[in-house]
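All remarks here apply to the structure that follows.
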Amino acid sequence: MSSLSDETPEGKSIVELAKQSGSKSHPADTLIKDARFIKFAAETRTSGVDLANGIRIRKGAFDAIKNISQKAGFVFPDETEKNVKEISSNGGTPLVVSENDKVIGVIELQDIIKPGISERFDRLRKMGIKTVMVTGDNPLTAKFIAEKAGVDDFIAEAKPEDKMNYIKKEQAEGRLVAMMGDGTNDAPALAQADVGVAMNSGTQAAKEAGNMVDLDNDPTKLIEVVEIGKQLLITRGTLTTFSIANDVAKYFAIVPALFIAAIPALQGLNIMKLHSPESAILSAVIFNAIIIPILIPLALRGVKYKPIGASALLQRNLLIYGIGGLLIPFVGIKLLDLAVGIFF
């Protein structure tokens with residue numbers, strides 16, 4: 001009953017479990033019609049319902065419900081507190097339920113960690129991306145999940161302003177921040193982040209605050225987002241590097257052959273020993289006509305991105321496309337000149 005108006009994944013899962021258990025309709029339907037639902041708020045960390053007959057049901061974080069109960073003069077049950085600690089130490093999320101401020105039990109929620117998620121976070125690490133789990137869960141639960149999932153760091157019992165302030169701090173230090181979330185309390189952080197990705201199963205507020213919505217509800221989808229962006233940048237940089245190196249090599253090869261008759265001092269630069277100025281120009285033109293179509297498939301397909309550091313990636317591209325761009329024109333133009341020279 002306390003989860004009927006709770007739009008968080010936790011609230012939805014509780015209602016879904018009730019349906020799977022055969023609860024087609026609640027026995028207190030008449031009371032629910034005139035009830036006042038209290039939606040989940042990150043500040044209070046509770047949700048609930050005030051029924052028409054005066055009964056108040058609340059569900060929320062252990063410390064939040066404990067404070068409400070103790071302020072009303074009730075003693076928090078030792079058995080419930082023991083259950084809360086056991087759930088937390090096993091990586092679960094305990095949600096305590098109270099009726100008229102008296103604690104009546106605890107719900108255990110278990111986050112399902114997708115298989116292979118640790119390896120995917122490792123790929124993000126190799127890209128130079130630090131992963132941080134920011135959650136409203138208690139420190140025990142957060143630590144368990146963070147270690148099992150393989151994230152680099154975690155922040156527990158975080159309020160909406162804590163998430164946003166953490167992002168602001170990282171941005172102030174010159175870092176780009178991507179945020180992924182699904183709850184209403186994630187909306188401020190999603191809006192503040194450089195890239196905000198909302199889960200498709202999340203609340204409307206989260207979807208509106210983010211830059212994009214992940215239809216698969218996979219937090220590691222960020223890998224594909226980063227890889228596509230980096231592939232576009234690398235492809236553009238690769239083609240530019242190759243083009244510049246290619247032009248430098250062509251001019252270095254052709255200029256001495258063109259002006260060697262007028263400027264004999266250029267003889268020392270005529271390392272390719274081209275047949276004649278005419279054959280040199282024709283060979284260069286033919287080489288251009290061949291090399292440009294060859295580069296079109298590379299531009300369309302893109303250069304494959306590998307999750308390595310930026311410096312290693314730069315060295316690799318300079319080695320392959322920079323040096324390659326210098327050597328290929330020398331070899332290509334020389335071979336064409338040998339063939340074209342027959343006609344001059």
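Numbers here are sequence positions counted from 1.
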**Prompt:** Counting N and O atoms only, with roles assigned by atom type, does the side chain of Asp152 sit under 3.5 Å from a partner on the main chain of Thr131, one being a donor and the other an acceptor?
**Reply:** yes
**Asked** Any link between Ile104 and Ile55 through a network of hydrophobic side chains (Ile, Leu, Val, Met, Phe, Trp, Tyr) touching at under 4.5 Å?
**Response** yes
**Asked** Any donor and acceptor pair, going by atom type alone, linking the side chain of Ser69 with main-chain N or O of Lys66 inside 3.5 Å?
**Response** no
**Request:** Please report the shortest heavy-atom distance between Ile87 and Ile107, naming the atom on each side.
**Result:** CD1-O, 4.4 Å
**Contacts of type side chain to side chain contact (heavy atoms under 4.5 Å, CB included), residue Phe144, not counting sequence neighbours** = Lys148
**Item:** Ser283 side chain vs Asp337 backbone, donor-acceptor pair below 3.5 Å
**Value:** yes
**Message:** Within the 4.5 Å heavy-atom criterion, are Leu298 and Leu239 side-chain neighbours or not?
**Reply:** yes
**Request:** Determine whether Phe154 and Val134 fall in the same hydrophobic cluster, where Ile, Leu, Val, Met, Phe, Trp and Tyr are linked whenever their side-chain heavy atoms lie under 4.5 Å apart.
**Result:** no
**Item:** Pair Lys59-Ser3, side-chain donor/acceptor within less than 3.5 Å
**Value:** yes
**Fill in**
Between Gly54 and Asn100, the two heavy atoms sitting closest are O-OD1, 3.7 Å
**Message:** Checking the side chain of Thr235 only, and the main-chain atoms of Leu232 only, is there a donor and an acceptor separated by less than 3.5 Å?
**Reply:** no
**Prompt:** Going by an N to O cut-off under 4.0 Å, is there a salt bridge joining Asp50 and Arg58?
**Reply:** yes
**Message:** My understanding is that a hydrophobic cluster links ILVMFWY residues whose side chain heavy atoms are under 4.5 Å apart, including indirect links. Using that, what else belongs to the cluster containing Leu319?
**Reply:** Ile323, Leu327
For residues 160-176, run the donor-acceptor check on the side chains, cut-off 3.5 Å, and write out each pair with its distance to 0.1 Å, sequence neighbours left out.
{"unit_1": "Asp162", "atom_1": "OD2", "unit_2": "Lys159", "atom_2": "N", "d": "2.9"}
{"unit_1": "Lys163", "atom_1": "NZ", "unit_2": "Asp186", "atom_2": "OD1", "d": "2.5"}
{"unit_1": "Asn165", "atom_1": "ND2", "unit_2": "Glu161", "atom_2": "O", "d": "3.0"}
{"unit_1": "Glu170", "atom_1": "OE1", "unit_2": "Arg175", "atom_2": "NH1", "d": "3.1"}
{"unit_1": "Gln171", "atom_1": "OE1", "unit_2": "Gln192", "atom_2": "NE2", "d": "2.8"}
{"unit_1": "Gln171", "atom_1": "NE2", "unit_2": "Gln192", "atom_2": "O", "d": "3.1"}
{"unit_1": "Gln171", "atom_1": "NE2", "unit_2": "Asp194", "atom_2": "OD2", "d": "3.3"}
{"unit_1": "Glu173", "atom_1": "OE1", "unit_2": "Arg175", "atom_2": "NH1", "d": "2.3"}

**Complete:** CG of Leu140 to OG1 of Thr93, rounded to nearest 0.5 Å, is 11.5 Å
**Request:** Look only at the side chain of Lys12 and the backbone of Ser201, and say whether a donor-acceptor pair between them is shorter than 3.5 Å.
**Result:** yes
**Message:** Ignoring hydrogens and geometry beyond distance, is a side-chain donor-acceptor pair present between Asn138 and Thr141 at under 3.5 Å?
**Reply:** yes
**Message:** Set out, in order, the CA-CA distance, both residues' side-chain angles and the distance that settles side chain to side chain contact (heavy atoms under 4.5 Å, CB included) for Arg56 and Asp101, then state yes or no.
**Reply:** CA-CA 7 Å; Arg56 303 184 311 278; Asp101 300 334; 2.9 Å; yes
